[in-house]
Enquirer: 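One structure coming up, written as structure tokens, with questions to follow.
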There are 4 protein chains.
Amino acid sequence: MDGLKQMIQSGDWKGEKHVPVIHAPEKITSDTLTEIKISIGDAIKHPNTLEHHIAWFKLFYLPATGKFPIELGTYEFRAHGEGNAFTEPCVSTNVKLQTSGILYALSYCNLHGLWESSKEIVIE
Amino acid sequence: MDGLKQMIQSGDWKGEKHVPVIHAPEKITSDTLTEIKISIGDAIKHPNTLEHHIAWFKLFYLPATGKFPIELGTYEFRAHGEGNAFTEPCVSTNVKLQTSGILYALSYCNLHGLWESSKEIVIE
Amino acid sequence: MDGLKQMIQSGDWKGEKHVPVIHAPEKITSDTLTEIKISIGDAIKHPNTLEHHIAWFKLFYLPATGKFPIELGTYEFRAHGEGNAFTEPCVSTNVKLQTSGILYALSYCNLHGLWESSKEIVIE
Amino acid sequence: MDGLKQMIQSGDWKGEKHVPVIHAPEKITSDTLTEIKISIGDAIKHPNTLEHHIAWFKLFYLPATGKFPIELGTYEFRAHGEGNAFTEPCVSTNVKLQTSGILYALSYCNLHGLWESSKEIVIE
Ligand SMILES: [Fe+3]
Ligand SMILES: [Fe+3]
Ligand SMILES: [Fe+3]
Ligand SMILES: [Fe+3]
């Protein structure tokens, strides 16, 4: 029996519309407020309807000196037509980090499950 | 006995560090992707420690034609020192709206409870 | 312009299907694991479809000695037909409390907005 | 570079205190309200302090006829000493399912990262 981990999908966001893209500076200054953006649909738009939508992102950070991913934030997209309002799967958050490492984005489509991507970050 | 509603606080963000600020264009084009930013600490910084921090924002929207607030999103700030990482209480989200109305931000400090603010928006 | 607080609705759960009901013992032993249940639909069932459902509960606690509500938990109901699975708006959580006070439940219907209820608790 | 999926840990809950335990009936009647409980600490208690605690569970369901895990719910444990209140990592939720499959619990410790477990369910 597979674990949940075996069901987390990945791929190239240029060809697979479920893959979250992490936008962050190549080099970050230690302990300085840094904006990180996560988005889905940079190349191919994902549907955004009540029946089929991206429900949330989670952002994790693995410091090079650590063994466990640390959750930086959760971002939920809640309106999918209620009041003719739509929340798009795109969010920017602000963090302060001290150690180089890897950022991970996890996203969930209500029909197509869990997807992840990652981005190395260098702290100067 | 007071309700929870009586405990939702508000104030001027220039003098009260718990009040969330909603940053949005004065006029929004109908059905067009619009960035809305919510932040705390624009004038006076709030502490960001494990013992005392802003834990989340919620963003709601009341269309002028509606009676009930619609949730646009939830944004949780998760790292408060774990791995020397800190998530700051600031987030940008992208929405599409069709009707003028009011945006509401709700925020929660783990020591000082619930706070709200609002901003009118005009859709052209 | 009304605040968000003016839009938090309440009522008698026996006649209004959106009101969350808090189930907790009348008297709780200090610092002892206590089960608290929150439910909607004890008297009148609320619809549970993709188009119309209860999306989440939050549970807060105001100690008699405190001024601000403390969040005990957030509970999100995620499946509304995906894979023919439905999550019902009912949840039990376990807490330890030391001081008498008031419990508050806040719930959100994607069409009918925010609702609250409360229950006094006595700690022995 | 490992993905996030490689960092989701598992183990035997009798010897590893981070592993969530799924409590559900062996056989479930189709489309009937069924209580599912998730807990951590059945054999070995996990710390529950501000500095070190279980922050949330997610519950997923993979129908035998499907390819993607469906999220049933998210459960966040919010109080870790605020007002001397503590939320324990234990939650019960109510679902209706139509197809046999696998339940997955995912949990997050703010110091020791992501953990998962699973349980087969048979629908009659
Ligand atoms: Fe999809
Ligand atoms: Fe505060
Ligand atoms: Fe409703
Ligand atoms: Fe731990």
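Proteins get letters first, then strands, A, B, ... in listed order; numbering begins at 1 in each.
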Enquirer: Measuring centre to centre across the rings, with the benzene-like ring taken for any Trp, is D:Phe77 within less than 6.0 Å of D:Phe57?
Expert: yes

Enquirer: So what's closer than 4.5 Å to chain A heavy atoms on D:Glu116: side chain, backbone, both or neither?
Expert: side chain

Enquirer: Look at the rings of A:His18 and A:His112 and say which category their plane angle falls in: under 30° parallel, 30 to 60° tilted, over 60° perpendicular.
Expert: perpendicular

Enquirer: Salt-bridge test for D:Glu76 and D:Lys58: reply yes if a basic N is under 4.0 Å from a carboxylate O, no otherwise.
Expert: no

Enquirer: For chain A, which of D:Glu120, D:Gln6, D:Met7 has the most heavy-atom pairs under 4.5 Å?
Expert: D:Met7

Enquirer: Kindly give the heavy-atom pair with the smallest separation between D:Glu82 and D:Leu50, and that separation in Å.
Expert: OE2-CD1, 3.8 Å

Enquirer: Could you check which of A:Ser117, A:Pro69, A:Gly113, A:Ala55 has the highest count of heavy-atom pairs closer than 4.5 Å to chain D?
Expert: A:Pro69

Enquirer: Can you tell me which portion of A:Gln9 sits under 4.5 Å from chain D's heavy atoms? Options are side chain, backbone, both or neither.
Expert: side chain

Enquirer: Can you tell me which portion of D:Ile102 sits under 4.5 Å from chain A's heavy atoms? Options are side chain, backbone, both or neither.
Expert: side chain

Enquirer: Given a strict heavy-atom distance threshold of 4.5 Å, which part of A:Leu62 is in contact with chain D: side chain, backbone, both, or neither?
Expert: side chain

Enquirer: Ignoring hydrogens, what is the shortest heavy-atom contact between A:Ile8 and D:Ile8? Give both atom names and the distance.
Expert: CD1-CD1, 3.5 Å

